[in-house]
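Heads up, the thing below is written out as structure tokens.
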2 protein chains.
Amino acid sequence: MADREKHPNTPRITKNARLVLDILRQVGQPLTAYEVLDRIRPQGITAPTTVYRALERLVECGLIHRLETLNAFVSCGREEVHGPSAIAICTDCHGVIEMQNDAVPGYLYGWAETKDFTVTSLTIEILGQCSQCRIKPEPNVDSE
Amino acid sequence: MADREKHPNTPRITKNARLVLDILRQVGQPLTAYEVLDRIRPQGITAPTTVYRALERLVECGLIHRLETLNAFVSCGREEVHGPSAIAICTDCHGVIEMQNDAVPGYLYGWAETKDFTVTSLTIEILGQCSQCRIKPEPNVDSE
DNA sequence: AATGTTATGTTATATTATATCATCATTTAA
DNA sequence: TTAAATGATGATATAATATAACATAACATT
Ligand SMILES: [Zn+2]
Ligand SMILES: [Zn+2]
Ligand SMILES: [Zn+2]
Ligand SMILES: [Zn+2]
């Protein structure tokens with residue numbers, strides 16, 4: 001995980017963005033803005049606005065991703081800063097698997113072009129169950 | 001647009017679902033649940049719950065799609081009931097273009113399989129500007 | 001120091017979504 | 001043909017997510 005923070009043409013990482021990024025990286029799983037807020041309160045942050053500003057900045061930097069299907073944010077799982085990529089999210093354990101290539105975005109950009117559509121953002125999310133959670137299901141299943 | 005309402009293994013279309021579906025089809029563009037509510041008030045519907053229930057049902061029937069990036073719902077643009085498909089959404093005019101093939105979902109299912117990930121839902125959304133809106137930009141642009 | 005700019009803090013509010021429980025309608029079966 | 005069960009609707013309240021608006025602080029440039 002190189003020095004992505006210094007990538008050009010990207011907003012700089014401010015104090016609050018740093019705090020939020022550290023939390024998301026440490027957790028390694030998606031957190032909602034309010035879950036971030038709860039974990040950042042000890043640092044004196046009390047307002048959603050503050051968290052949302054930091055999250056927005058980190059998204060712009062490409063250091064985290066917003067998951068539209070969860071209304072949550074997760075730190076990027078790829079080595080280099082990149083454009084949109086597909087992300088699979090386990091609805092049981094909230095683990096994420098980020099696709100390491102740009103095949104799907106590439107296809108979508110191509111298709112958009114044929115429609116004369118100018119892409120500003122792509123969202124590709126897969127909800128389901130990871131292998132671990134399929135093997136070991138949630139304890140509270142009704143065994144009927 | 002055939003008799004998709006009678007598709008098997010799918011919830012039936014109740015009175016409220018019918019009302020909501022008619023609105024979404026007539027509008028032809030994404031509406032939020034509360035925008036639907038506003039338009040359905042004349043029919044005596046007053047509560048968000050009622051609208052969300054109808055929307056959920058229609059999604060299950062495959063007659064409408066939920067757009068995660070807009071928190072909105074739009075009537076399906078394909079001829080036959082289908083699985084997930086990619087949807088481009090113009091952020092200016094809110095027009096939508098639904099991809100008419102399943103190439104991307106197919107690829108994603110395949111990839112998920114290689115990760116031993118069981119897919120329950122796919123979200124593929126493209127935000128940007130349609131050709132019309134690129135030609136004729138919003139009037140309130142600062143011409144500086 | 002004065003100025004402009006960016007980041008942060010603070011308060012309030014808007015928007016989106018669900019929980020809960022009561023009532024009504026429709027089906028099923030005794 | 002009623003009683004029970006099921007499914008749909010209605011009604012109220014509240015939870016969860018997100019932004020608006022404005023004030024202050026930090027920082028850079030001159
Ligand atoms: Zn990433
Ligand atoms: Zn899992
Ligand atoms: Zn469709
Ligand atoms: Zn448009």
Quiz: residues 28-36 of chain A side-chain donor-acceptor pairs under 3.5 angstrom, not counting sequence neighbours:
| unit_1 | atom_1 | unit_2 | atom_2 | d |
| --- | --- | --- | --- | --- |
| A:Gln29 | NE2 | A:Cys93 | O | 3.0 |
| A:Thr32 | OG1 | A:Tyr34 | N | 3.4 |
| A:Thr32 | OG1 | A:Glu35 | N | 3.0 |
| A:Glu35 | OE1 | A:Thr32 | N | 2.8 |

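Taking a heavy-atom distance under 4.0 Å as the criterion, the stretch of DNA chain D touched by chain B extends 5' to 3' from D:dA8 to D:dT12.
Contacts of residues 44-52 of chain A with DNA chain C (heavy atom under 4.0 Å): A:Ile45, A:Ala47, A:Thr49, A:Thr50.
Among residues at least two apart or in separate chains, salt bridge (Lys or Arg N to Asp or Glu O under 4.0 Å) pairs with a member in residues 63-73 of chain B are B:Arg66-B:Glu68. Among residues at least two apart or in separate chains, there is no salt bridge (Lys or Arg N to Asp or Glu O under 4.0 Å) pair with a member in residues 117-129 of chain B.
When the side-chain hydrogen bond (donor to acceptor under 3.5 Å, both in side chains) test is applied to A:Thr49, no partner is found at least two apart in sequence or on another chain. A:Asn101 is linked by a side-chain hydrogen bond (donor to acceptor under 3.5 Å, both in side chains) to nothing, counting only residues two or more places apart in sequence or in another chain. For A:Asp116, the side-chain hydrogen bond (donor to acceptor under 3.5 Å, both in side chains) partners at least two apart in sequence or on another chain are B:Arg134. Every side-chain contact (heavy atoms from CB on, under 4.5 Å) that A:Ala86 has, sequence neighbours left out, goes to A:Met99, A:Ile124, B:Leu108. Every residue meeting the side-chain contact (heavy atoms from CB on, under 4.5 Å) condition with A:Gln43, not counting sequence neighbours, appears here in chain and number order: A:Leu19, A:Ile40. Listed by chain and number, the residues in a side-chain hydrogen bond (donor to acceptor under 3.5 Å, both in side chains) with B:Ser85 are B:Glu98 (sequence neighbours excluded).
Taking a 6.0 Å sphere around CZ of B:Arg39, one finds it holds 12 or fewer heavy atoms contributed by other residues, nucleotides or ligands.
For the helix from C:dA1-D:dT30 to C:dA30-D:dT1, the rotation axes defined at the first and last 5 base pairs enclose an angle of 20°, given to the nearest 10°.
Rounded to whole angstrom, the span from the CZ atom of B:Arg53 across to the C1' atom of C:dC24 amounts to 12 Å. Distance B:Arg57 CZ to C:dT18 P: 16 Å, rounded to the nearest Å.
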